Protein chains: 2
Amino acid sequence: MLGDLLSKSFVSANDVAQHAGVSRSAVSRTFTPGASVSEETRKRVMNSAQALGYHVNQLARGLMRSESGIVCLIVSEMDTPYRARLVRALTHELQKAGKVSMLINTDRSDGGVDSALRQTLSYRADASILLSGLPDKAITKLCLDSGQRIVLINRDDDISGPFHINLEDHQAAKIAVSAFLRAGCRSLAFVNSEVGTPSLMAREKGFHAAAAGLGLSVVTARHGNTVYESGRRAAHDLLTGLNRPDAVFCVNDLMALGFMDSARQDFGIRIPEDLCVIGFDDIEQAGWSSYALTTFAQPIDQIVQASLFWLGDVKDNQNVKSMTFNAPLVWRKTIRGNHQPIS
Amino acid sequence: MLGDLLSKSFVSANDVAQHAGVSRSAVSRTFTPGASVSEETRKRVMNSAQALGYHVNQLARGLMRSESGIVCLIVSEMDTPYRARLVRALTHELQKAGKVSMLINTDRSDGGVDSALRQTLSYRADASILLSGLPDKAITKLCLDSGQRIVLINRDDDISGPFHINLEDHQAAKIAVSAFLRAGCRSLAFVNSEVGTPSLMAREKGFHAAAAGLGLSVVTARHGNTVYESGRRAAHDLLTGLNRPDAVFCVNDLMALGFMDSARQDFGIRIPEDLCVIGFDDIEQAGWSSYALTTFAQPIDQIVQASLFWLGDVKDNQNVKSMTFNAPLVWRKTIRGNHQPIS
DNA sequence: ACGCATTTTGCAAGCGTGTGCAAAAGTTTC
DNA sequence: GAAACTTTTGCACACGCTTGCAAAATGCGT
C-alpha cells in the first residue's frame with residue numbers, strides 16, 4: 001500500500017512468497033493445477049496474492065512450459081458477416097477452453113499470411129487457425145515443426161500437415177440445382193467473384209456439373225470480391241440481355257443480396273415469381289424480411305467444435321486429418337413452390 | 001538439417017550465435033532496432049537466422065523489456081457490423097504500429113469485463129481497448145498501476161485514469177431533430193434499446209431536449225438489445241396506434257433497418273413519404289439500396305487514430321484525458337426534401 | 001608508430017516462472 | 001516409539017531474451 005507512489009509496477013511470485021512466508025515454489029505450485037501443495041499454504045498464498053494483486057505472468061509461464069496458451073486467428077476482411085460470426089464463436093469457445101486468441105489481420109498488409117505465421121512463431125502460439133488466405137508451404141512446415149497446430153478453414157486442401165475443415169460445397173451446389181429444377185426453373189445462372197478460393201470454385205464446378213447432368217445450361221458471371229456491390233454488378237451483367245435466367249445461385253449471401261436489390265430495383269424483377277435465388281453462408285441479413293433469402297447455412301458450431309478438437313490431445317488426432325461438414329439449406333422465400341428438404 | 005526428426009522444436013538465439021560464430025549478445029542486438037552491431041556481423045547473424053529458421057521469442061523479450069507488444073481488445077457481440085468494422089480497423093492499425101492484438105470476448109462469459117482485464121494483466125498487455133462493458137474501478141486501477149494504458153470507446157465517462165473517446169451524441173440528436181423539422185415532420189419518435197449505455201442514453205436525452213426546445217413531442221420505445229429484431233418490435237409498438245409518428249430516430253442502424261422493414265411490410269408505410277427515418281453508425285447495410293438509410297457515421301478512422309495516439313509516448317499525453325468526435329450525418333433517402341447539411 | 005576517441009563485442013546478471021530432486025514434515029503401522 | 005511410507009517444501013537450475021559494463025577492436029590525427 002505504501003509503495004503505491006513509485007512501486008515497481010508488477011508484483012511477482014517472489015513478493016507473494018515473502019508476504020505469505022513461504023517459498024516461491026509454493027506460490028508457483030498454488031497456481032499450477034494439480035501440483036502438490038497443502039491446503040493450508042494454498043490458502044495463505046491465495047490470501048497474499050489477493051492482497052497484493054498478484055497475477056501469474058503468462059509470458060514467463062509460457063517460457064517454461066511448452067505452451068503459451070495463445071491461439072492465433074488469421075483472417076482478412078473480418079468485418080464480413082460470416083467471418084465476424086466465426087471469429088466471435090471461435091474466441092468464445094477458445095476462452096472456455098482456457099486459451100486466449102490473438103487476432104491477426106491480413107487485410108492488404110505487407111506479407112499477408114506469411115508474415116502472420118511468422119508472428120505466430122514469435123509469440124510461440126500453440127496453434128493458428130486460418131480463415132483467409134493460403135500460407136507458404138515452407139512457413140507452414142516451420143510452424144508445424146515447432147509443434148504448432150494449424151487449422152485451415154475452407155482453404156486449399158493439398159497442403160499436408162494442417163488440419164482441414166471443409167464444406168460439402170459440391171453437394172450443396174447439387175441441391176441448389178435440384179431446388180431450382182423443382183421450382184420449374186430452366187435457365188440457370190451462377191454468380192461468383194473473381195477470388196477463386198477453392199471452396200468457391202467447388203461450388204461453381206459442382207453447380208455446372210449438376211446442371212449439365214440434367215441437361216440444363218448455366219451462364220456464369222464473375223465480378224470483384226465476394227461483396228454486395230459485386231452482386232449488383234453481376235445482376236447488371238446477367239439481367240440486361242433478353243434471355244434472362246430464371247434462377248441464380250450466388251456463391252455467397254452478400255453477393256446474393258446485392259443481386260436481389262439490383263434485380264428488383266433496377267430491373268423490376270419479382271422474386272421468387274420471376275427469379276429464384278439461393279445464397280450461401282446464411283448471414284444474419286439473409287433472414288431480414290426484405291430479403292428472406294433461401295441459403296445454405298455455414299455450420300459455424302461444427303466448424304468451431306472441430307477446430308477445438310484439433311487443439312486437444314495429440315493421441316486422439318493422429319489419424320484424422322480433415323473433416324467435412326454439410327451446409328444445410330435454409331428455406332426462406334426466394335424459391336417458389338414447395339419447400340421440402342431435398343434428399 | 002540432420003536434427004529434423006527429433007530436433008528441439010525451437011531454435012534459440014544461442015543456436016544462431018553458435019552457427020554464426022558470434023556471441024549471443026550479437027544476435028540479440030541484431031534483432032534490436034537501434035542497437036550497436038557492425039554491418040558485417042549483422043549480415044552473418046541474419047544469414048544464420050534465416051538458415052536455421054530463427055524467430056525472436058517475444059515472450060522472453062517481453063519478460064525483459066517493459067512492453068510485451070500486446071494490446072487487448074475487449075469486446076462483446078463482435079459480429080455486430082459496427083463493432084466488427086472497428087475491430088478490423090483497430091487490428092490493422094495496431095499491426096502497422098508494431099503491436100499485436102489479443103481479442104477478448106466478453107459475450108456472456110463468466111466475469112465478463114473484469115476477468116478480461118485480469119487476463120490482460122496476466123499477459124502483461126501494454127494497453128487495453130474496451131469497446132463493450134464497463135470495468136470495475138478496482139481492477140481498472142490495478143491495470144493502470146501496472147503501467148497499462150486503457151482506452152474506453154463510447155463508455156461511461158466518470159472513470160478517471162483511462163482515456164475516453166466519445167461522440168457528440170447530444171449534438172447529433174439535435175441535428176436529427178432539425179432534419180426532421182425541415183422535412184415537415186411534427187410527430188417524432190425515438191427508438192432505443194433497453195441497454196442503457198451512456199452514449200445511447202445521451203442520444204435519447206439529446207433528442208428529447210432538442211424536440212422540447214422546439215415544442216415538438218416525442219414518443220419513445222425501448223426494446224431488448226440494439227438489434228434488427230428489436231427495431232421490428234419497436235415498429236409494432238409505435239405504428240399500431242392511430243396517431244403514428246411521421247419521423248423516427250433510431251439509436252442504431254440495426255434497429256433502424258428492422259424498423260423500416262416492419263414499417264413497410266407490416267404497415268404499408270412509405271419511406272420517406274409517410275415516415276422519415278434516421279439511424280446511427282452508418283453500417284454497410286445502411287447503404288444498401290433497399291434501405292438507403294440517412295444516418296450518422298461513426299468516425300471510425302478518427303476513433304482508431306485517437307486510440308493509437310494514446311498508446312504513443314506518455315509525455316505527449318499527459319494533459320489530454322479524452323477526445324470527442326463529431327458523427328457526421330450521411331444523407332441518403334429516408335428523409336424527404338432537401339439534403340443540405342445542417343449547421 | 002603512437003595516443004586517443006569511437007565503435008563493436010562478450011560477459012554476466014537479471015526478467016518471472018516451472019519442476020526435478022532431495023530433505024523435511026507428517027502419517028500410518030506394528 | 002521406531003520404522004516405513006506418503007505428502008509437502010525449498011533449493012537450484014532452466015527457459016530465451018535484454019542490457020550495463022568493461023574489454024577488445026577499429027578509426028583518426030599527428
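These numbers were taken from a predicted model, which means no experiment stands behind them. Chain letters run A, B, ... following the sequence lines, proteins first and then strands; every chain starts at 1.
Within the structure, the ring-ring contact (aromatic ring centres under 6.0 Å, His included) test picks out the following pairs touching residues 118-163 of chain B (sequence neighbours left out): B:Phe163-B:Trp310. Residue pairs meeting the salt bridge (charged side-chain N to carboxylate O under 4.0 Å, His left out) criterion with at least one member in residues 90-104 of chain B, sequence neighbours excluded: B:Glu93-B:Lys96, B:Lys99-B:Asp126.
Spacing between atom CZ of A:Phe31 and atom C1' of C:dG16 amounts to 13 Å, rounded to whole angstrom units. B:Gln58 has its CD atom 12 Å from the C1' atom of D:dT18, to the nearest Å. The CG atom of B:Asn57 sits 13 Å away from the C1' atom of C:dT17 (whole-angstrom rounding). For B:Glu40 and D:dT26, the CD to C1' distance is 13 Å, given to the nearest whole Å. One interatomic measurement links the two molecules: CZ of B:Arg61 to P of C:dG16, which rounds to 18 Å at whole-angstrom precision. Atom NE2 of B:His55 and atom C1' of D:dC17 are 16 Å apart (whole Å). In this structure, the OH atom of B:Tyr123 is 17 Å from the P atom of C:dG16, given to the nearest Å.
Within 6.0 Å of atom CD in A:Gln18, 12 or fewer heavy atoms from other residues, nucleotides or ligands are found, so the atom counts as exposed in its surroundings.
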Identify all pairs in which a protein N or O lies below 3.5 Å from an N or O of nucleotides 8-15 of chain C, and state each distance.
unit_1, atom_1, unit_2, atom_2, d
C:dT8, OP2, B:Ser36, OG, 3.4
C:dT9, OP1, B:Ser38, OG, 3.1
C:dT9, OP1, B:Thr41, OG1, 3.3
C:dT9, OP2, B:Ser38, N, 3.1
C:dT9, OP2, B:Thr41, OG1, 3.2
C:dG10, OP2, B:Ser23, N, 3.0
C:dG10, OP2, B:Ser23, OG, 2.9
C:dG10, N7, B:Arg29, NH2, 2.9
C:dG10, O6, B:Arg29, NH2, 2.7
C:dC11, N4, B:Ser25, OG, 3.0

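Aromatic pair A:Tyr54/A:Phe31: centroids less than 6.0 angstrom apart.
Side-chain contact, A:His164 with A:Ser322: no donor N or O sits under 3.5 Å from an acceptor N or O.
In terms of modelled atom types and a separation under 3.5 Å, the side chain of A:Ser146 and the main chain of A:Gln148 share no donor-acceptor contact.
Comparing D:dG16, C:dT17, D:dT19 by their nearest atom to the side chain of B:Arg65 picks out D:dT19.
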